[in-house]
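Below: the structure, in structure tokens.
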Amino acid sequence: MSKAAVSTPLANAPLDIARIRKDFPILSREVYGKPLVFLDSAASAQKPQVVIDAERLCYEEEYANVHRGVYYLSQVATEKFEATRTRVRAFINAASDDEIVFTRGGTEAVNLVASSYARLHLEPGDEILISELEHHSNIVPWQLAAEEKGLTIVPIPILDDGQIDMDAYRNALGPRSKIVAITQMSNALGVVTPIHEIIRLAHDAGARVLVDGCQAITHSHVDVQDLDCDFYVFSGHKIYGPTGAGALYAKAELLDMMAPYQGGGEMIARVSLEKSTFKKGAAKFEAGTPAIAQVIALKAALDYVDDLGMDRIADHEHLLLEYATDRLSAIDGLTIYGTAPAKASIVSFTMADIHPHDIGTIVDREGVAVRVGHHCAQPVMQRYDIAATVRASFGLYNTTEDIDRLADALGVVKDMFG
Ligand code: C6P
């Protein structure tokens with residue numbers, strides 16, 4: 001994945017994973033009497049103590065509703081809440097804090113854009129391009145908008161190795177293309193898409209681009225200005241933060257063009273019983289009491305990964321990916337899906353004709369947590385004509401020993417199925 005310049009020699013040093021693991025209390029627990037091996041960070045990452053502490057501190061010492069109170073506690077909570085907005089802005093290099101809208105997560109952020117932008121600005125017959133790699137969260141909201149407004153969904157196919165078929169994409173773009181909704185990294189395969197090129201081609205065709213960064217943001221530097229994407233969405237819980245707090249980045253001029261997503265407290269300028277006017281910028285899209293403690297603790301998560309260094313995290317995870325790919329592909333009957341060279345942190349596979357759910361259940365008894373199923377990406381499964389895969393996904397705290405434990409547990413599966 002793209003790397004930013006590394007500033008000091010120390011920044012090149014590999015991560016001290018043994019020390020880092022101590023930051024994550026849950027990693028020292030056992031399941032079924034065996035040390036936990038957690039290989040499902042793509043679904044939701046475990047939390048470091050600093051994140052747990054930040055959320056607890058909020059409730060224990062600094063909790064009040066935000067943006068509403070003139071009293072001390074409310075001011076403190078508001079300052080901390082807004083400090084996260086500034087942190088997210090810096091983390092993804094947006095131009096202004098006002099371009100960061102807090103949402104419950106990536107799913108809500110896509111729904112917001114489909115609702116407040118697509119439903120308002122697209123005309124019947126306009127086209128939304130969606131790749132075969134997408135998570136359901138980046139498919140269904142567009143389908144709902146399409147159905148309501150008479151829009152056309154245009155699929156972008158993938159190649160056998162799981163990468164976007166760029167020739168097909170170029171051919172699919174046309175004068176009616178208005179939105180390209182595309183993942184930066186597939187949650188089902190781990191494939192990393194050529195996002196710069198995809199955005200450039202979309203813009204050449206006059207389309208806006210929404211990038212689903214839910215997976216990519218945990219494994220690489222994200223710079224929305226460099227990407228020049230129109231919208232970028234992510235969930236805090238996948239980047240070691242709390243659940244219930246994520247963000248939508250949108251270019252300021254687009255937020256201005258968009259209708260409110262939900263009506264309620266704090267998003268208004270003035271309300272009478274006849275008519276309401278709305279705040280400008282991000283505030284227009286944040287109706288009601290937000291996830292205060294979770295948003296505040298998200299800052300601790302972003303500080304945490306930034307202190308470790310996204311480059312060093314990416315390097316470590318890349319080694320894990322290579323190790324896992326080598327180790328698992330040596331297992332007789334095991335097939336890896338998603339073999340494109342550009343990949344990060346996920347290995348998705350089947351093993352002979354053993355059902356992935358059986359594999360998941362048996363390896364769990366060995367203490368190894370993996371996700372099995374369609375991974376909320378059914379079009380990917382349809383592309384390969386399979387119902388499900390086993391998915392091992394790596395976070396910054398995983399080790400090659402974790403992968404050995406998975407390989408050993410797969411050996412147990414093989415023994416059981418003969
Ligand atoms: N993928 C997985 O196991 P939410 O649920 O809103 O935090 O994120 C939705 C989402 C959107 N896009 C991508 C690429 C994703 O991976 C996810 C969440 C999890 O793969 C849970 S289904």
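Not measured: the values here are computed from a predicted model. Start at 1 and go down the list; that is how both ligands and their atoms are numbered.
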inquiry  = Is there a polar contact, in the sense of an N or O pair closer than 3.5 Å, between Thr183 and ligand 1?
reply    = no
inquiry  = So if I count the atoms of ligand 1 from 1 in the order they appear, which ones are less than 4.0 Å from some heavy atom of Arg371?
reply    = 2 (C), 3 (O), 19 (C), 20 (O), 21 (C), 22 (S)
request  = Just jot down the ligand 1 atoms closer than 4.0 angstrom to any heavy atom of Ser137, in number order.
outcome  = 9 (C), 11 (C)
ask   = Is it true that the NZ or CZ of Arg365 lies under 6.0 Å from the centre of Tyr32's six-membered ring and within 45 degrees of the ring axis?
value = yes
task = Using modelled atom types only, decide if a donor and an acceptor are shared between the side chain of Lys149 and the backbone of Leu120 within a distance under 3.5 Å.
result = no
task = For the residue pair His375 and Thr389, confirm or rule out a side-chain donor-acceptor distance under 3.5 Å.
result = yes
inquiry  = So if I count the atoms of ligand 1 from 1 in the order they appear, which ones are less than 4.0 Å from some heavy atom of Ala43?
reply    = 2 (C), 3 (O), 19 (C)
message = Under 4.0 Å, heavy-atom basis, I'd like to know which part of Lys238 is in contact with ligand 1: side chain, backbone, both or neither.
response = side chain
message = Quick check on contacts: which atoms of ligand 1 are under 4.0 angstrom from a heavy atom of Ser235?
response = 4 (P), 6 (O), 7 (O), 8 (O)
request  = Tell me, with the steps shown, if Ile164 and Leu133 meet side chain to side chain contact (heavy atoms under 4.5 Å, CB included).
outcome  = CA-CA 8 Å; Ile164 299 287; Leu133 282 181; 4.1 Å; yes
Flag for Tyr117-Asp230: side-chain donor and acceptor within less than 3.5 Å = no
inquiry  = With a cutoff of 4.0 Å, is Glu108 in contact with ligand 1, counting heavy atoms of the residue only?
reply    = no
query = If we only count N/O pairs under 3.5 Å, is Thr107 in contact with ligand 1?
reply = yes
message = If you measure every N or O of Asp212 against every N or O of ligand 1, does any of those distances drop under 3.5 Å?
response = yes
inquiry  = With heavy-atom distances below 4.0 Å as the criterion, list the atoms of ligand 1 near Cys376.
reply    = 22 (S)
Modelled atom types, side-chain donor and acceptor of Glu266 and His67, under 3.5 Å = no
request  = Flag the pair Phe102 / Phe81 as yes when their ring centroid distance falls below 6.0 Å, and as no otherwise.
outcome  = yes
query = At the 4.0 Å heavy-atom cut-off, does His237 count as touching ligand 1?
reply = yes
message = Out of Arg104, His375, His135, who is nearest to atom 22 (S) of ligand 1 when you count heavy atoms only?
response = His135
